[in-house]
Protein chains: 2
Amino acid sequence: MAKEQGYSGDEARKIVGITYRQLDYWARTELIRPSLSDASGSGTRRRYSYRDLLKLKAVKALIDAGIRLALIRRVFEFLEEKLDEDVVQVNLVIQGSSVMVQRGEDEIIDLLHNGQGVLNILPMAGVKEDLDAKIVELFPGADIEETSTEIDGKAVGQ
Amino acid sequence: MAKEQGYSGDEARKIVGITYRQLDYWARTELIRPSLSDASGSGTRRRYSYRDLLKLKAVKALIDAGIRLALIRRVFEFLEEKLDEDVVQVNLVIQGSSVMVQRGEDEIIDLLHNGQGVLNILPMAGVKEDLDAKIVELFPGADIEETSTEIDGKAVGQ
DNA sequence: CTGTAGAATAACATTGATGTAGTTCTCTGA
DNA sequence: TCAGAGAACTACATCAATGTTATTCTACAG
């Protein structure tokens with residue numbers, strides 16, 4: 001039998017590496033509730049399952065990666081069930097407001113192999129695209145100044 | 001001549017799609033200063049270059065993706081010069097505290113092609129690894145409960 | 001030269017996420 | 001049964017990021 005009745009709040013926070021305040025706050029604000037038994041007044045005990053620990057750890061990884069709780073909440077709302085399957089073969093791919101569970105070690109695995117933690121990828125092409133579009137929209141007359149991003153010409157402009 | 005003397009604060013914020021308060025705060029806290037001319041007392045004028053706009057837009061993209069300013073600051077400290085080259089072929093790859101500029105449309109481009117915005121990727125394998133290691137470290141006796149993550153057995157567990 | 005628009009500045013409020021300290025329960029061991 | 005430990009709860013403080021409003025300059029048009 002593995003860990004007779006799940007994990008206490010204090011055990012959970014030690015294992016996951018967060019403060020009790022965080023664990024408590026996350027439980028109260030519905031981010032991650034202890035699924036084995038929830039609190040019901042002072043003196044009662046929270047009991048976290050192994051699955052809960054996995055989620056807590058994922059939350060911490062995202063927080064350490066500089067991601068705000070607001071986004072993490074959206075991720076876990078969507079994710080609630082989808083974590084049942086073989087967890088170790090899964091990558092969470094978060095793109096704006098949509099979350100996907102990417103299965104298998106396909107395209108991006110060579111990047112991921114380096115280390116652990118979260119990868120944040122921002123394609124600058126899209127950034128520049130949006131920017132230029134907006135400039136043209138707001139200032140139809142002026143052409144876009146590209147001096148500092150020109151390929152030929154060695155990009156002067158300080 | 002493109003936009004005679006860069007962009008005013010108000011123009012910049014309209015183009016980038018942020019509030020003036022944000023532009024102001026970011027300038028004061030050294031995140032992104034107007035490189036053409038900085039403020040020096042009330043009544044003076046900030047002047048943003050096109051390059052500044054690119055950076056502002058990237059910051060906004062990261063913010064929209066749920067990333068905290070603290071991390072974004074680290075990214076742009078590292079990045080300050082490295083954005084000179086051909087911007088549209090570049091992806092910012094943020095991994096924990098390290099930032100890389102990934103050039104070329106290689107491995108991950110098929111994922112990125114879908115849409116714009118930031119990709120956050122969290123490999124669950126690493127999460128589970130860390131978790132299990134910590135459990136074993138703190139509770140050497142108890143074996144890890146894996147009921148909800150088993151591959152065979154169809155994963156019962158509520 | 002002068003008045004006014006525009007822009008930076010300043011002061012204050014707010015919200016989310018957390019730290020800290022103290023209080024109130026409940027559970028368990030003696 | 002009873003006391004003490006452990007855990008949830010409460011209240012208050014803090015910090016970053018931003019909203020709001022009012023104020024003070026500066027630059028420019030007339």
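Chain letters run A, B, ... following the sequence lines, proteins first, then strands; residues in each count from 1.
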A/Lys134 bridged to A/Glu137 by N-O distance under 4.0 Å: yes

Whole-Å gap separating P (C/dA17) and CD1 (A/Ile18): 14 Å

Trace of the side chain to side chain contact (heavy atoms under 4.5 Å, CB included) decision for A/Leu62 with A/Phe76: CA-CA 11 Å; A/Leu62 291 168; A/Phe76 278 80; 4.1 Å; yes

Sugar-phosphate, base or nothing in reach of A/Thr19, heavy atoms under 4.0 Å: sugar-phosphate

Rounded interatomic separation in angstrom, taking CD from B/Glu11 and C1' from C/dA7: 12 Å

Distance, rounded to the nearest Å, where B/Lys60 contributes NZ and D/dT18 contributes C1': 13 Å

Sugar-phosphate only, base, or nothing, as touched by A/Arg46 at under 4.0 Å among non-hydrogen atoms: sugar-phosphate

Nearest atoms (heavy-atom pairs only) where B/Pro34 meets B/Arg47: CB-O, 3.3 Å

Phosphate OP1/OP2 of C/dT28: any A/Arg45 side-chain N/O under 4.0 Å: no

Rounded distance (Å) that lies between atom P of D/dA17 and atom CD of B/Glu30: 14 Å

Sugar-phosphate, base or nothing in reach of A/Ile63, heavy atoms under 4.0 Å: sugar-phosphate

A/Arg13 CZ - C/dA17 P separation (whole Å): 21 Å

Closest to the B/Trp26 side chain, choosing from D/dT18, C/dT18, C/dA7: D/dT18

Phosphate OP1/OP2 of D/dA17: any B/Tyr25 side-chain N/O under 4.0 Å: yes

Among C/dA10, C/dT18, D/dA7, the nucleotide that comes nearest once only the side chain of A/Ser8 is considered: D/dA7

D/dC9 OP1/OP2 closer than 4.0 Å to side-chain N/O of A/Arg28: yes

Salt-bridge contact B/Arg13-B/Asp24 (side-chain N to carboxylate O under 4.0 Å): no

Interface polar pairs with nucleotides 21-25 of chain C, N/O, under 3.5 angstrom:
| unit_1 | atom_1 | unit_2 | atom_2 | d |
| --- | --- | --- | --- | --- |
| C/dT24 | O2 | A/Ser42 | OG | 3.2 |
| C/dC25 | O4' | A/Ser42 | OG | 3.1 |

A/Gln22 CD - C/dG16 C1' separation (whole Å): 13 Å

A/Ile63 and B/Arg68: CA distance, side-chain angles, deciding distance, side chain to side chain contact (heavy atoms under 4.5 Å, CB included) verdict: CA-CA 9 Å; A/Ile63 284 197; B/Arg68 284 178 302 211; 4.0 Å; yes

Per A/Leu69 side chain, nearest of listed nucleotides C/dT9, D/dT18, C/dT18: C/dT18

Between P of C/dG16 and CZ of A/Arg73, the distance in whole Å: 9 Å

Side-chain touch A/Arg73/A/Thr29, heavy atoms, less than 4.5 angstrom: yes

Rounded interatomic separation in angstrom, taking CG from A/Leu23 and P from C/dT18: 11 Å

From CD1 (B/Ile18) to OH (B/Tyr25), nearest 0.5 Å: 13.5 Å

Earlier contact from the 5' end, DNA chain C, for B/Tyr48 and A/Arg68: B/Tyr48

Pair A/Asp52-A/Tyr7, side chain to side chain contact (heavy atoms under 4.5 Å, CB included): steps then yes or no: CA-CA 9 Å; A/Asp52 294 336; A/Tyr7 304 84; over 6 Å; no

